[in-house]
Amino acid sequence: MKLRCIYFCCIIGVMQEEESKKKKPVAAFAELARNTIRINKMLWKERKGTIMALLFFAILASSIPFLLSGSRGLIINELVNFTGGKELSPYFVWFAVLFIATSITPAALYTIQSHLLQLFRFFIEEKFDLAIIKKRGEIDIAIHEDPKYNDLFNNVREHGLWRAQTFGERQIYLLQTFLQVIVASVILIIAQWWVFLIILLSTVPELIVELRYGRKVWGIWGGKAEVRRKYWHVHNHFDELSSVTELKLFQNLSHFHGIVKNLFQSFRKEQKWAERKRLINQLLTLFVSQIVIIFAIGWFIMEVIRGNLLIGTLTFFLASITQFRSALSDFFASLGRQYQDGLFL
């Protein structure tokens, strides 16, 4: 039976066929969802308090920007009315208090959130590292001599821990950005539903770019696994004193250094090409979405000129557009990276 991934064998004891990596995006997302549930069950069992605290701060962090821009807009409307000869409403003081509170709270909020995420990251590193070491020790000796196993283990060694950490941590960030998208969507739909729709449609290509990039990266790592195994095999000659002594004794330092260099460049060449292609696609999708944002901003400004919108309300809608565009873009990018990391899990 082939080992699909030592990484998840360590954590959930699941043996999968290597061909299962070549899935359609929908199937891959379904697998990603299942893996996410399994990991969360494991993490929840030992870190309920930390996860609850992270969820609480994620909800706060996602709502504060809208409370800040909303209170600012209400204050501006009140001051505009006041300068026009009207009296301030009895709620003005509460608007000011809310504005001040939401202005000074984020710094402390993000500091505490960062601390909790760091502790969470430490826990994931310890949990996964020990599990991988234990599972590798339990695997049959004959499997250790299998080149395919060694290729797979090199992928785990180079990606396992840091992808596990970011996979677990990014879930909190995904929740936070998703909540921001929901809140901003409700605001824009109330303001003008078609503005929400065109911004949404113009941002979707960013997700497609990230998904294609993630599949490309996995294809490179999978296709070049043997090259990476050879690279680490030769590289290890420079890590051990006995090997370095032998290389110097037989004057093979330059020769082995050249082998390492060629293997490394052979692998990076495809990665650089993938990065360049990703950059071009990102710039194209960004250009389209920014054109849409400019159009939406111009439309709301014209509504103020026509007298259909108050200045304070304009600032709130513009801030909501910015938040929606930024949160949706971050959500799609993070989802794409989560998909990419999931391919290695």
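Nothing fancy with the numbering, it's 1 onward along the sequence. None of these values were measured; they are calculated from a predicted model.
Residues Gln113 and Tyr110 form a side-chain contact, since some pair of their non-hydrogen atoms from C-beta on lies under 4.5 Å apart. Under the 4.5 Å side-chain criterion, counting only non-hydrogen atoms from C-beta, His115 is not in contact with Ile112. Between Thr50 and Phe123, every side-chain heavy-atom pair lies at or beyond the 4.5 Å cut-off. Looking at heavy atoms from C-beta onward, Phe120 lies in side-chain contact with Ile51 at the 4.5 angstrom threshold.
Both Leu175 and Met52 are members of a single hydrophobic cluster when ILVMFWY side chains are connected at heavy-atom separations under 4.5 Å. In the hydrophobic clustering of ILVMFWY residues, with side-chain heavy atoms under 4.5 Å counting as a link, Phe56 and Ile172 come out together.
Residues Ile124 and Glu169 share a closest heavy-atom pair of CD1-N, 4.5 Å. Ile321 and Ala296 make their closest contact through CD1-CB, 4.1 Å (heavy atoms, listed as atom of the first residue, atom of the second, distance). Here the shortest heavy-atom pairing between Phe332 and Thr203 reads CD1-O, 3.4 Å. A pairwise comparison of heavy atoms in Ser71 and Phe99 identifies OG-CA, 3.3 Å as the closest pair.
Under 3.5 Å, the side chains of Gln176 and Gln171 contain no donor-acceptor pair of N or O atoms.
Not counting sequence neighbours, the partners of Phe324 by the ring-ring contact (aromatic ring centres under 6.0 Å, His included) test are Phe196. Considering only residues two or more places apart in sequence or on other chains, Arg72 meets the salt bridge (charged side-chain N to carboxylate O under 4.0 Å, His left out) condition with none of them. Residues satisfying the ring-ring contact (aromatic ring centres under 6.0 Å, His included) criterion with Trp94, sequence neighbours excluded, are absent altogether.
Counting heavy-atom neighbours within 6.0 Å of Ile311 CD1, excluding the residue itself, gives a total of 12 or less.
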Distance-only check: which donor-acceptor pairs under 3.5 Å involve side-chain atoms of residues 179-192, not counting sequence neighbours?
residue, atom, partner, partner atom, Å
Ser185, OG, Val181, O, 2.5
Gln192, OE1, Trp194, NE1, 3.1

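Counting only residues at least two apart or on different chains, no salt bridge (charged side-chain N to carboxylate O under 4.0 Å, His left out) pair has a member in residues 76-90. Pairs of residues two or more places apart, or lying in two chains, that qualify as salt bridge (charged side-chain N to carboxylate O under 4.0 Å, His left out) and include a residue from residues 295-313 are Glu303-Arg306.
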